[in-house]
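Structure provided below as structure tokens; questions to follow.
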Amino acid sequence: MSSVAFLGLGAIGRPMARRIAAAGFPLTVWNRTRARATEFAQEHASKAATSAADAVRDADIVVTCLSTSQDVFGILDEDVLRSLRRGALLLDCTSGDPATSKVIAEILRQESVAFVDAPVSGGVKGAEEGTLTVMCGGDTADIDRARPVIQAFGKKIIHCGPTGAGDAVKAMNQALLALTIWGTGEALAALAKVGVSPAVALDVINASSGRSNASMNLFPERVLTRAFPRTFRLALMDKDVRIAAQIARDEKVPAPLTQLAADLCTLAHAELGEDADHVEAVKVIERWARQEIT
Ligand code: NDP
């Protein structure tokens, strides 16, 4: 079995790494805040490394799941590059940006290390259950080499195209997520004002053509209940949708809704702070409307 290093035990990285350990891969973990790695290694079959360079030294496959591509770029310092095995593969599950991923792939290529961008979708629950969708960019042979590890946490594994293609698909998916959260929030706030309860409105919408993951899952489970669990930070959705808007601009594709979604996410992020969950963006709509969606 390939030996695996997992770097980045955040909200989604932790359950992904847990599944890799449970699948029996020899696993070493590293996290910037060291206590998270130590705790993880105490609870799951794995070793905690004290530095990223130590973590990657014996790994056939290095999995990264950090906040941004820039963070991944940042940990690839001289020590790490020197420690990576020739012939190893870096599987980057960060929701990254295609331009930085291409730079990283080239740096690694010079060290005879392969790179696959492999962002995921399906949330913390999907990671815990091993049902994530994994969108890959890179060479078919490299994706096939990483596949047994990906299968530990992913159910649907799709080769989207060359390096950066996984990042691009993920960013556009996130723009759609933001647009449906925002649109559903506006619709339900307006309907509440005219006297239709959000639960009744969702009952109709979810049996009609306006339904989405937001209307079917996020609003009933998180907004109407006022639970607003913190599983995916708004700051990260802001980052994702700005990547989507940048791709559209780079490709000269007029995409006014994507640009607007990026601005709305940035605005909500500024208003609600670093720790807010993505669904809490709805609170901005509620403030503007002076109407709770409940
Ligand atoms: P978190 O904010 O919970 O965790 C971020 C992780 O990255 C932490 O381990 C953090 O370390 C580490 N990190 C951040 N910056 C650096 C840095 N400069 N150097 C080293 N390590 C760093 O994020 P998530 O786990 O939620 O998300 C990780 C990635 O997965 C993101 O790209 C996100 O967009 C994506 N994603 C998240 C989903 C979710 O539901 N949460 C769903 C799908 C994708 P430390 O502990 O020290 O802060």
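This chain uses plain numbering: 1 for the first residue, then up along the sequence. Counting starts at 1 for both ligands and their atoms, following the listed order. Keep in mind that the numbers below use all heavy atoms, side chains included, and drop hydrogens, waters and symmetry copies.
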Item to check | Ligand-residue contact atoms, ligand 1 with T231, heavy atoms, under 4.0 Å | outcome: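 Counting from 1, the qualifying ligand atoms are 39 (C), 40 (O), 41 (N).
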Next on the checklist: For atom 18 (N) of ligand 1, what's the nearest protein heavy-atom neighbour? Residue, atom name and distance, please.
Outcome noted: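 Answer, as residue, atom name and distance: D71 OD1, 3.1 Å.
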Checklist entry - Any idea which protein heavy atom is nearest atom 27 (O) of ligand 1, and the distance to it? => result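 Here the closest protein heavy atom is L236 CD1, 3.7 Å.
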Next on the checklist: Check for me whether G123 has a heavy atom closer than 4.0 Å to any atom of ligand 1.
Outcome noted: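 So G123 counts as touching ligand 1.
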Checklist entry - Starting from atom 5 (C) of ligand 1, which protein heavy atom do you reach first, and at what distance in Å? => result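 Minimum-distance protein heavy atom for atom 5 (C) of ligand 1 reads S67 OG, 3.5 Å.
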Checklist entry - What residue and heavy atom of the protein are closest to atom 3 (O) of ligand 1, and at what distance? => result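 Checking every protein heavy atom, the shortest distance to atom 3 (O) of ligand 1 gives A11 N, 2.9 Å.
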Item to check | Side chain proximity check, I285 to R287, heavy atoms < 4.5 angstrom | outcome: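 I285 does not reach R287 side chain to side chain.
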Checklist entry - Does at least one non-hydrogen atom of Q174 fall below 4.0 angstrom from an atom of ligand 1? => result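 No heavy atom of Q174 comes that close to ligand 1.
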Checklist entry - Atoms of ligand 1 less than 4.0 Å from K170 heavy atoms? => result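 Within the 4.0 Å cut-off of K170, ligand 1 contributes 43 (C), 44 (C).
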Next on the checklist: Among T28, V63, L91, V62, exactly one meets side-chain contact (heavy atoms from CB on, under 4.5 Å) together with V4. Which residue is that?
Outcome noted: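 Of all the options given, the one that passes is V63.
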Checklist entry - For residues D117 and S101, is any side-chain donor paired with an opposing acceptor at under 3.5 Å? => result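 Side-chain D/A pair, D117 to S101: absent.
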Checklist entry - How does R36 reach ligand 1, if at all, at less than 4.0 Å between non-hydrogen atoms: by side chain, backbone, both, or neither? => result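 Answer for R36: side chain.
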Item to check | Ligand-side contact atoms (ligand 1) for residue partner L9, heavy atom cut-off under 4.0 Å | outcome: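 Per the distance check, 9 (O).
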Item to check | For atom 10 (C) of ligand 1, the protein heavy atom that lies nearest, with its residue and separation | outcome: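 Ranked first by proximity to atom 10 (C) of ligand 1 is R32 NH2, 4.2 Å.
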Item to check | T94 neighbourhood, listing ligand 1 atoms whose heavy-atom distance to it stays under 4.0 Å | outcome: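 Atoms satisfying the 4.0 Å criterion: 32 (O).
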Checklist entry - In the protein, which heavy atom is nearest to atom 34 (O) of ligand 1, and how far is it? => result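 Ranking protein heavy atoms by distance from atom 34 (O) of ligand 1, first comes K239 NZ, 3.0 Å.
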Item to check | Contact atoms of ligand 1, heavy-atom distance to G8 under 4.0 Å | outcome: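 Under 4.0 Å from G8, ligand 1 has these atoms: 9 (O).
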Next on the checklist: Could you go through H278 and Q174, starting from their C-alpha distance and side-chain angles, then the distance that decides it, and tell me whether this counts as side chain to side chain donor-acceptor pair (under 3.5 Å)?
Outcome noted: CA-CA 11 Å; H278 67 304; Q174 296 303 90; over 6 Å; no
Next on the checklist: Please compare L66, L7, I12 and report which has the shortest non-hydrogen distance to atom 29 (C) of ligand 1.
Outcome noted: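 The nearest heavy atom belongs to L66.
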Next on the checklist: Could you tell me if the side chain of D71 sits less than 4.5 Å from the side chain of T94, heavy atoms only?
Outcome noted: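 Not in contact.
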Checklist entry - Are D92 and F115 side-chain neighbours, meaning at least one heavy-atom pair lies under 4.5 Å? => result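 Contact flag for D92/F115 side chains = yes.
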Item to check | Distance-only side-chain donor-acceptor flag, D263 / Q259, under 3.5 Å | outcome: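 D263 vs Q259: no donor-acceptor pair found between side chains.
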Checklist entry - Are any non-hydrogen side-chain atoms of I181 and V282 less than 4.5 angstrom apart? => result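 A side-chain contact exists here, since the closest heavy-atom pair is under 4.5 Å.
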Checklist entry - Which protein heavy atom lies closest to atom 45 (P) of ligand 1, and at what distance to 0.1 Å? => result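 Of the protein heavy atoms, T33 OG1, 3.5 Å lies nearest.
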Checklist entry - Who are the salt bridge (Lys or Arg N to Asp or Glu O under 4.0 Å) partners of D58, not counting sequence neighbours? => result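 Listed in chain order: nothing, the list is empty.
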Next on the checklist: For the 3.5 Å polar cut-off, considering only N or O atoms, please tell me whether S95 and ligand 1 meet it.
Outcome noted: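 N/O-N/O distance under 3.5 Å: yes.
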Item to check | Same cluster (ILVMFWY, side-chain, under 4.5 Å), V29 and F153 | outcome: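 They do share one cluster, since a chain of ILVMFWY contacts under 4.5 Å joins V29 to F153.
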Next on the checklist: Just so I know, are the side chains of L108 and L84 near enough to count as touching, which here means a heavy-atom distance under 4.5 Å?
Outcome noted: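 In contact.
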Checklist entry - How close does the nearest protein non-hydrogen atom get to atom 9 (O) of ligand 1, and which residue and atom is it? => result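 Scanning the protein heavy atoms, the shortest distance from atom 9 (O) of ligand 1 goes to N31 OD1, 2.7 Å.
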Next on the checklist: Within ligand 1, which atoms have a heavy atom of R233 less than 4.0 Å away?
Outcome noted: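 In order of numbering, the contacting atoms are 2 (O).
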Checklist entry - Does anything in residues 133-142 pair up under salt bridge (charged side-chain N to carboxylate O under 4.0 Å, His left out), and if so which pairs, sequence neighbours excluded? => result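 Listed by first then second residue: D142-R145.
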